[in-house]
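Single-structure report; data block below.
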Amino acid sequence: LVDTLALNSKEKKLVVIVDDNAINRFFIRSVIEKHCSCFIEEASNGLEALPIVKKGIQDCIKMLVFMDIDMPLMDGIQCSQLIRKEKKGGKVVIVAVTAHATEDVRETCKRVGMDYFYTKPIHNEEIKQAYKLLDQIS
């Protein structure tokens with residue numbers, strides 16, 4: 001995990017990429033590294049992501065989480081629900097990234113506290129647009 005306490009206040013931004021597909025994680029990471037100034041963590045499922053996000057919340061870090069919906073062990077819906085139950089879960093922007101573009105899935109994502117919804121394949125501009133949301137967190 002990133003030592004978030006060692007970061008100065010300008011750098012206290014963390015992007016967490018949660019997807020069971022390594023190619024999807026690589027693509028999002030590549031765009032973030034090229035266009036944004038932050039630290040990046042990756043997880044292949046919600047169980048791996050939860051401790052990363054909890055540590056960031058504990059350390060009062062502004063976080064952007066790209067959350068796949070359909071993953072083994074713990075899916076993005078369940079993980080997002082647990083993130084939102086954390087005391088300061090409002091400092092986390094959660095972006096659903098899924099191949100399931102149905103209105104039911106979109107509504108479920110909204111209901112569990114996901115902030116935005118992108119359909120795969122996600123595009124460069126969507127990733128950059130999502131990153132700008134970190135500046136809106138107080």
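Scope of the values below: all heavy atoms of this structure, side chains included, with no hydrogens, waters or symmetry mates. The first residue in the sequence is number 1, and the count goes up from there.
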If every non-hydrogen atom of V18 is compared with every non-hydrogen atom of A49, which pair is closest and at what distance?
-> CG2-CB, 3.5 Å
For E48, which residues count as a salt bridge (charged side-chain N to carboxylate O under 4.0 Å, His left out) partner, sequence neighbours excluded?
-> none
Interatomic distance, NZ@K85 vs CD1@I83, rounded to 0.5 Å, equals 12.0 Å
hydrophobic_cluster_shared for F26 and I52, side chain cutoff 4.5 Å | no
Say you draw a straight line from CD1 of I61 to SG of C38; how long is it, rounded to the nearest 0.5 Å?
-> 11.5 Å
Can you name the residues that form a side chain to side chain donor-acceptor pair (under 3.5 Å) with N24, not counting sequence neighbours?
-> D19
Among V93, I17, V16, which one satisfies side chain to side chain contact (heavy atoms under 4.5 Å, CB included) with L64?
-> V93
Go through the structure and list residues passing side chain to side chain donor-acceptor pair (under 3.5 Å) with E126, not counting sequence neighbours.
-> none
Pairs satisfying side-chain hydrogen bond (donor to acceptor under 3.5 Å, both in side chains), at least one member in residues 95-104, at least two apart | none
Sidechain N-carboxylate O distance under 4.0 Å for D135, K13 | yes
State, to 0.1 Å, how close I127 and F27 come at their nearest heavy-atom pair, and which atoms those are.
-> CD1-CE2, 3.6 Å
Within a strict 4.5 Å, meaning less than it, do heavy atoms of the V31 and N124 side chains meet?
-> yes
Fellow cluster residues of I23, listed by chain then number, with links counted only when side-chain atoms sit under 4.5 Å apart = none
For Q129, the side-chain contact (heavy atoms from CB on, under 4.5 Å) test, sequence neighbours excluded, returns Y118
Is there a side-chain contact between I57 and M63, using heavy atoms and a 4.5 Å cut-off?
-> yes
Distance-minimising heavy-atom pair for R25 and S44 = NH1-CB, 3.6 Å
Only counting residues at least two apart or in another chain, list the ones meeting salt bridge (charged side-chain N to carboxylate O under 4.0 Å, His left out) with D115.
-> R84
Listed partners of E33 passing side chain to side chain donor-acceptor pair (under 3.5 Å), at least two apart = R29
What's the spacing between Q81 CD and I94 CD1 if we round to 0.5 Å?
-> 10.0 Å
Solution key, residues 66-80 side-chain donor-acceptor pairs under 3.5 Å, sequence neighbours excluded:
{"from": "D68", "atom 1": "OD1", "to": "K120", "atom 2": "NZ", "distance (Å)": "3.2"}
{"from": "D75", "atom 1": "OD1", "to": "I77", "atom 2": "N", "distance (Å)": "3.1"}
{"from": "D75", "atom 1": "OD1", "to": "Q78", "atom 2": "N", "distance (Å)": "2.7"}
{"from": "S80", "atom 1": "OG", "to": "G76", "atom 2": "O", "distance (Å)": "2.8"}

V105: which other cluster members, linking ILVMFWY side chains closer than 4.5 Å, directly or transitively?
-> F117
For E125, side-chain contact (heavy atoms from CB on, under 4.5 Å) partners two or more places apart = K128
